[in-house]
**Q** 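The structure is given below, and queries will be raised subsequently.
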Amino acid sequence: MAIRPPIPALFALLAGLAACLPSWAAQGEPKPDARAVSTPDYSAAERLIFMDEHLSAEHPPATLKYSFRKSGSLEPSFEDSVSISLGQRPDGTCCTASGSFLSGEHRLALPEIDDARSNPVILYFLEHDVRDMQRLTKGQQAHFRKRIRMAVYNGAEVRATTFRYRGKSISGQEVSIAPYLDDPSRQRFASLARKHYVFMMSDAVPGRVYGIRSRIDNADASSPPLMVEEMYIDGAEVVTASAPGAR
């Protein structure tokens with residue numbers, strides 16, 4: 001794997017998350033050396049998910065709203081919501097951001113972000129996800145973050161696609177990863193190692209994040225999935241996934 005420097009845009013976003021979210025960039029991030037500093041090596045998936053300024057077209061005050069649904073045979077299903085409130089920074093630019101991620105016993109406490117450029121809903125979803133993985137497996141959160149970061153950098157599939165939003169067809173891209181299939185530690189949580197993620201991005205929706213889905217397939221392909229968690233922007237017309245990679 002090539003060695004590359006940290007991602008400046010991601011560090012800018014994470015600076016505001018330090019109060020409650022460990023640094024996603026630091027988990028498993030290769031350290032730069034003299035050979036790599038002048039030639040950053042970023043994958044297309046990294047740019048789409050972590051580096052692009054998703055909020056550049058937003059005009060605060062504004063609120064990004066998402067629906068959230070959990071289903072599957074492993075645990076009880078539920079539906080909830082996620083929102084990201086955007087405000088003007090003191091200099092009048094976009095954006096400050098404060099988030100509300102789920103409610104009640106599922107709620108994830110979030111700090112306000114002073115200078116949000118990428119859409120923080122991505123890291124909020126992932127932080128919720130790794131905490132859930134720790135709860136289910138007794139594994140370390142840092143391990144799951146590292147596997148996701150490595151998969152986005154080195155093992156992601158990126159493809160052009162279309163989505164339905166507010167009655168219209170829009171262009172976008174899907175980024176698919178399966179972080180645990182080749183995980184040396186997968187024997188510790190073999191039943192959950194088939195977990196895969198799809199990040200759905202489009203410039204045609206506010207905040208550029210159309211949706212995120214994680215899915216854990218059952219060992220028996222004819223059985224329902226163990227768990228599916230789906231988050232979509234308000235107005236998305238969603239077809240429930242029935243197979244890996246399906247929307």
Side-chain angles (χ1 to χ4, degrees), residues 4-30 32 37 39-66 68 82-101 108-130 145 148-149 151-153 156 158 163 165 170-175 177 197-212 231-236:
R4 71 258 170 81
I7 302 173
L10 181 56
F11 276 124
L13 171 60
L14 289 171
L17 300 179
C20 78
L21 303 184
S23 175
W24 276 81
Q27 301 297 335
E29 187 75 30
V37 170
T39 56
D41 178 22
Y42 305 130
S43 71
E46 280 180 307
R47 294 182 184 278
L48 280 169
I49 296 173
F50 295 128
M51 296 177 66
D52 284 356
E53 296 194 0
H54 307 133
L55 304 179
S56 61
E58 304 309 311
H59 301 286
T63 301
L64 306 176
K65 296 183 178 181
Y66 303 85
F68 184 98
V82 175
S83 65
I84 306 292
S85 298
L86 304 177
Q88 283 191 344
R89 303 184 67 234
D91 61 3
T93 62
C94 184
C95 292
T96 63
S98 58
S100 175
F101 196 95
L108 177 66
L110 302 170
E112 183 170 322
I113 305 171
D114 293 330
D115 185 10
R117 300 182 185 183
S118 298
N119 190 337
V121 80
I122 296 174
L123 295 187
Y124 293 158
F125 183 96
L126 291 175
E127 188 63 18
H128 157 81
D129 180 87
V130 299
R145 293 189 193 98
I148 291 171
R149 288 285 294 122
V152 171
Y153 170 56
V158 181
F163 307 115
Y165 180 69
I170 59 173
S171 298
Q173 292 175 293
E174 285 188 346
V175 179
I177 59 172
Y197 304 74
V198 180
F199 301 84
M200 292 157 270
M201 314 295 294
S202 174
D203 293 346
V205 301
R208 299 192 192 177
V209 178
Y210 180 84
I212 306 174
M231 183 185 72
Y232 295 98
I233 190 155
D234 182 39

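Being a predicted model, the structure only gives us computed values, none of them experimental.
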**Q** Can you list, pair by pair, the side-chain donor-acceptor contacts under 3.5 Å of residues 198-208, counting residues two or more places apart and other chains?
**A**
{"residue": "S202", "atom": "OG", "partner": "S171", "partner atom": "O", "Å": "2.7"}
{"residue": "S202", "atom": "OG", "partner": "A204", "partner atom": "N", "Å": "3.1"}
{"residue": "R208", "atom": "NH2", "partner": "S56", "partner atom": "OG", "Å": "2.9"}

**Q** May I ask you to decide if L55's main-chain N or O and E58's side chain share a donor-acceptor pair within less than 3.5 Å?
**A** no
**Q** Please report the interatomic distance CD(E127) to CZ(R145), rounded to the nearest 0.5 Å.
**A** 4.5 Å
**Q** What verdict does the side chain to side chain contact (heavy atoms under 4.5 Å, CB included) test give for F50 and V152, after you've listed the backbone C-alpha separation in whole Å, the side-chain angles of each residue and the deciding distance to 0.1 Å?
**A** CA-CA 9 Å; F50 295 128; V152 171; 4.0 Å; yes
**Q** Nearest 0.5 Å, please: how far is CG in L86 from OG1 in T96?
**A** 7.5 Å
**Q** To the nearest 0.5 Å, how far apart are CZ in F101 and NE2 in H128?
**A** 5.0 Å
**Q** Using the test side-chain contact (heavy atoms from CB on, under 4.5 Å), find all partners of A236 that sit at least two apart in sequence or belong to another chain.
**A** Y210, Y232, I233, V238
**Q** Taking side chain to side chain donor-acceptor pair (under 3.5 Å) as the test, write out the residues that go with T63, two or more places apart.
**A** none
**Q** Do Y197 and D129 come within less than 4.5 Å of each other through their side chains, counting heavy atoms only?
**A** yes
**Q** To the nearest 0.5 Å, what is the distance between CD1 (I177) and OH (Y153)?
**A** 15.0 Å
**Q** Looking at side-chain heavy atoms only, is the closest gap between V121 and L64 below 4.5 Å?
**A** no
**Q** Checking Y165 now: which residues fulfil side chain to side chain donor-acceptor pair (under 3.5 Å) with it, not counting sequence neighbours?
**A** none
**Q** Between H54 (side chain) and P120 (backbone), is there a donor-acceptor pair under 3.5 Å?
**A** no
**Q** Distance check, rounded to the nearest 0.5 Å: I84 atom CD1 versus S98 atom OG?
**A** 7.5 Å
**Q** Could you grab the distance from atom CG of D114 to atom SG of C95, nearest 0.5 Å is fine?
**A** 12.0 Å
**Q** Would you check if the side chain of S118 reaches a backbone N or O of I49 as a donor-acceptor pair within less than 3.5 Å?
**A** no
